[in-house]
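Heavy atoms only: backbone and side chains are in, while hydrogens, waters and symmetry mates are out. In this text the structure is predicted, and so the values were computed from the model without any measurement.
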Amino acid sequence: MAHRATVQITDTGPTAASVSSGPGMALAAVVLYVQDLPASVAFYRSLLQLQEGASGTPTAALLFNPEGFQLYLRAVGRRAPHPLGAVGIQCVVWAAPSAADLKRCEGWLKARQAHVQTLTADGITWVEGRDPSHVTVMVTHPRPGEAVHHRILTRIYAL
């Protein structure tokens with residue numbers, strides 16, 4: 001069982017930690033700026049099998065999965081550049097629930113000429129593609145906790 005330390009903050013600074021059990025931090029949502037909202041909604045709904053929230057607007061959409069993870073898509077226009085190489089998130093890596101689902105994602109990307117490459121390192125397979133705004137999208141299997149990287153993939157230097 002994993003344990004987390006809970007640190008109490010006082011006027012004089014942190015004090016001794018008590019031990020509690022429970023889950024650690026988890027990613028709850030990603031906000032992704034896109035050029036074409038309808039194309040991006042269709043892309044992510046189908047590739048990642050997400051549902052669409054009912055409260056969308058002409059410039060934004062909310063997609064989510066059964067576990068509650070949220071993907072916010074925000075249209076910024078067809079000519080908006082992607083700040084590749086600048087400070088900030090360059091790519092989001094999604095985790096497929098099974099090897100079969102990863103294969104489905106790979107085939108789906110290939111059928112739309114959006115597949116870039118598939119690679120395996122440290123027992124983890126990565127499928128890389130491009131979304132309608134030409135943003136890198138990666139799907140991997142196994143999920144975090146089922147396999148752990150022990151080295152940095154050289155691919156991250158080319159994103």
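- Every residue meeting the side-chain contact (heavy atoms from CB on, under 4.5 Å) condition with Ala39, not counting sequence neighbours, appears here in chain and number order: Asp36, Pro132.
- Note that the CZ atom of Phe43 and the CZ atom of Arg130 stand 10.0 Å from one another [nearest 0.5 Å].
- At least one donor-acceptor pair closer than 3.5 Å links the side chain of Thr140 to the backbone N or O of Thr125.
- For Glu146, the side-chain contact (heavy atoms from CB on, under 4.5 Å) partners are His141, Pro142, Arg143, not counting sequence neighbours.
- By the criterion of side-chain heavy atoms lying less than 4.5 angstrom apart, applied directly or through intervening Ile, Leu, Val, Met, Phe, Trp or Tyr residues, Val31 is grouped together with Leu62 in one hydrophobic cluster.
- Each ring-ring contact (aromatic ring centres under 6.0 Å, His included) pair with one or both residues in residues 49-78, not counting sequence neighbours, appears once here: Phe69-Trp94.
- With sequence neighbours left out, Ser55 forms a side chain to side chain donor-acceptor pair (under 3.5 Å) with no residue at all.
- Here CZ of Arg45 is found 8.5 Å from CG of Leu50. Values are rounded to the nearest 0.5 Å.
- Summarising the geometry, atom CG belonging to Leu48 is positioned 8.5 Å from atom CG belonging to Leu63; distances are rounded to the nearest 0.5 Å.
- Nearest heavy-atom pair across Ala61 and Val41 is CB-CG2, 3.6 Å.
- Taking 4.5 Å as the limit, some side-chain heavy atom of Val137 sits within range of a side-chain heavy atom of Tyr44.
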For residues 101-112, tabulate all N or O donor-acceptor pairs below 3.5 Å that involve a side-chain atom, not counting sequence neighbours.
| residue | atom | partner | partner atom | Å |
| --- | --- | --- | --- | --- |
| Asp101 | OD1 | Arg104 | NE | 2.7 |
| Asp101 | OD1 | Arg104 | NH2 | 3.4 |
| Lys103 | NZ | Glu106 | OE1 | 3.4 |
| Arg104 | NH1 | Ser46 | O | 3.4 |
| Arg104 | NH1 | Leu47 | O | 3.4 |
| Arg104 | NH2 | Leu47 | O | 2.6 |
| Glu106 | OE2 | Thr118 | OG1 | 2.6 |
| Trp108 | NE1 | Ser46 | OG | 2.8 |
| Arg112 | NH1 | Trp108 | O | 3.0 |

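- Atom CD1 of Ile124 is separated from atom CG of Leu119 by 10.5 Å, given to the nearest 0.5 angstrom.
- Annotation: the span from Asn65 atom CG to Gln49 atom CD amounts to 10.5 Å, rounded to 0.5 Å.
- For Gln113, the side chain to side chain donor-acceptor pair (under 3.5 Å) test picks out no residue, with sequence neighbours left out.
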Requested in this report: Show your reasoning for whether side-chain contact (heavy atoms from CB on, under 4.5 Å) applies to Leu32 and Val135.
Outcome: CA-CA 9 Å; Leu32 181 61; Val135 173; 4.3 Å; yes
